[in-house]
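Before we start, here is the structure in question, set down as structure tokens.
Letters go in sequence order (proteins before strands), and every chain restarts at 1. Owing to the predicted nature of the structure, the values given are computational and were not obtained by experimental measurement.
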There are 2 protein chains.
Amino acid sequence: MSGRTYPQLALDLQLCFPLYAATRAVTKRYVTLLKGTGLTYPQYLVMLVLWETEEPLSVTSLGQRLRLDSGTLTPLLKRLEAAGLVRRERDPGDERRVLVSLTEDGRALEEQVAGVPHQLGASMGITRDEALALRDQLTELVDHLDTAESA
Amino acid sequence: MSGRTYPQLALDLQLCFPLYAATRAVTKRYVTLLKGTGLTYPQYLVMLVLWETEEPLSVTSLGQRLRLDSGTLTPLLKRLEAAGLVRRERDPGDERRVLVSLTEDGRALEEQVAGVPHQLGASMGITRDEALALRDQLTELVDHLDTAESA
DNA sequence: CGCTATTAAGTTGTGCGCAATATGGTTGCG
DNA sequence: CGCAACCATATTGCGCACAACTTAATAGCG
């Protein structure tokens with residue numbers, strides 16, 4: 001334990017591992033909270049965006065909002081379509097684009113998950129203000145990592 | 001935008017999405033930083049644990065440390081074995097257990113990644129103290145979520 | 001108008017994560 | 001000892017993530 005050659009490699013000293021573990025713990029919690037909707041966590045995120053805009057969105061717009069590419073979104077959207085929650089239609093004005101829109105079932109699902117954010121908040125054991133502060137820190141982190149990555 | 005039915009579902013208000021995005025941004029950064037070692041980020045975490053203990057570890061111990069199960073670890077460890085970084089041997093004293101130990105190449109790799117934590121820290125644009133505070137907050141978050149999940 | 005560059009989505013392949021299950025080894029109880 | 005719980009690991013199946021590539025459509029320039 002003492003005198004290791006590279007102390008900076010200690011798992012417990014690093015930020016990356018708790019971050020990774022926290023994401024997985026949150027995802028696991030969502031499995032429980034979303035049980036009954038049939039949604040996975042990434043599918044829930046897509047639905048959040050669609051509920052928010054109430055407009056048909058292209059795959060690319062969805063991807064920009066969620067930082068996901070077509071390799072992830074295409075099969076995910078096909079599953080949402082198979083579940084009857086969204087429609088996927090080529091944009092008549094630009095046949096390259098696929099517009100994703102909510103079905104009636106998809107729209108109706110919003111009510112069923114309205115309590116999820118509160119339930120998750122309660123599971124995290126932090127106040128709303130702490131959550132918002134943490135959110136801001138993580139958002140900044142992402143911005144910095146993006147910059148570093150593109151440099 | 002204004003007057004939506006369930007404002008608590010707004011993506012930008014939620015903690016979960018930046019958390020999810022931050023983990024993916026960190027993982028992406030690791031791809032760059034670990035290029036040349038042939039390691040993925042989860043494989044790097046396994047190596048961190050092995051470098052730390054310097055003792056053969058069972059799959060279960062590794063899993064407890066990293067919160068991963070055999071379904072994830074078994075194939076990952078086989079890839080590390082194929083890369084010549086670890087050995088996998090049945091425990092002679094208990095043939096149910098598989099002991100994972102470092103090869104010489106595996107041990108030698110530690111030096112090559114010694115600079116990675118510092119490089120990642122620089123990419124995140126936060127001070128060491130901020131990183132440690134964030135680490136503690138996330139660790140607490142995980143503890144709470146575990147409690148909620150098992151309740 | 002015709003051709004090239006660009007863009008959008010889809011496809012393929014690899015590696016997680018994890019639930020559910022299978023397989024084989026060990027323990028402990030009668 | 002025999003056998004029924006229990007335990008450790010492995011396997012299977014599904015759904016992400018994402019890089020690299022393909023296909024099809026559009027834009028823009030000469």
request  = Using a heavy-atom cut-off of under 4.0 Å over every strand shown, decide if B:Asp91 touches base, sugar-phosphate, or nothing.
outcome  =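 Nothing: the residue B:Asp91, judged by heavy atoms under 4.0 Å, touches no strand.
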
query = Does B:Arg96 make a side-chain donor-acceptor contact with the base of D:dT9, cut-off 3.5 Å?
reply =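 Answer no: no donor N or O sits under 3.5 Å from an acceptor.
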
task = Could you say whether A:Asp94 or A:Gly71 is positioned toward the 5' end of DNA chain D, judged by the nucleotide with the nearest heavy atom to each?
result =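 With A:Asp94 and A:Gly71 compared, the 5'-side residue is A:Gly71.
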
query = D:dA10 base to B:Ser70 side chain: any donor-acceptor pair below 3.5 Å?
reply =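 Looking at the base of D:dA10, it does pair with a donor or acceptor on the side chain of B:Ser70 (distance under 3.5 Å).
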
query = According to a strict under-4.0 Å criterion, is B:Lys78 in side-chain N/O contact with OP1 or OP2 of D:dT9?
reply =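 No, because none of the side-chain N or O atoms of B:Lys78 sits under 4.0 Å from OP1 or OP2 of D:dT9.
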
key: Candidates D:dA8, D:dA10, D:dA17 - which lies nearest the side chain of B:Val98   =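 Selected nucleotide (nearest to the side chain): D:dA10.
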
request  = Would you mind classifying the nucleic acid contact of A:Thr40 as base, sugar-phosphate or nothing, using non-hydrogen atoms under 4.0 angstrom?
outcome  =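 The answer is sugar-phosphate, as A:Thr40 gets under 4.0 Å only of primed atoms, P, OP1 or OP2.
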
request  = Would you classify A:Ser58 as touching base, sugar-phosphate or nothing, given that sugar-phosphate means primed atoms plus P, OP1 and OP2, and contacts are heavy atoms under 4.0 Å?
outcome  =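 Answer is sugar-phosphate: A:Ser58 comes under 4.0 Å of backbone atoms only.
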
ask   = Do the side-chain N or O atoms of A:Arg97 get closer than 4.0 angstrom to the phosphate oxygens (OP1, OP2) of D:dA25?
value =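 For D:dA25, OP1/OP2 do not have a side-chain N/O of A:Arg97 under 4.0 Å.
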
task = Using a strict 4.0 Å threshold on nitrogen-to-oxygen distance, state whether B:Glu104 and B:Arg107 make a salt bridge.
result =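 Judged by the 4.0 Å cut-off on N to carboxylate O distance, B:Glu104 and B:Arg107 do form a salt bridge.
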
Ring geometry between A:Tyr44 and A:Tyr30 (parallel below 30°, tilted from 30 to 60°, perpendicular above 60°) =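 Tilted.
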
message = Could you report the tightest heavy-atom contact between A:Phe17 and B:Arg65, atom names first, then the distance?
response =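 Looking at all heavy atoms of both residues, the shortest contact is CZ-O, 3.4 Å.
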
message = For A:Lys28 and B:Asp146: C-alpha separation, side-chain torsions, deciding distance, then whether salt bridge (charged side-chain N to carboxylate O under 4.0 Å, His left out) applies.
response = CA-CA 9 Å; A:Lys28 191 179 242 175; B:Asp146 279 355; over 6 Å; no

message = Regarding A:Leu73, tell me which of base, sugar-phosphate or nothing describes its non-hydrogen contacts under 4.0 Å with the strands shown.
response =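 Nothing, no heavy atom under 4.0 Å.
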
message = Output the rounded distance in Å from CG (A:Asp69) to C1' (C:dG10).
response =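 Atom CG in A:Asp69 sits about 11 Å away from atom C1' in C:dG10.
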
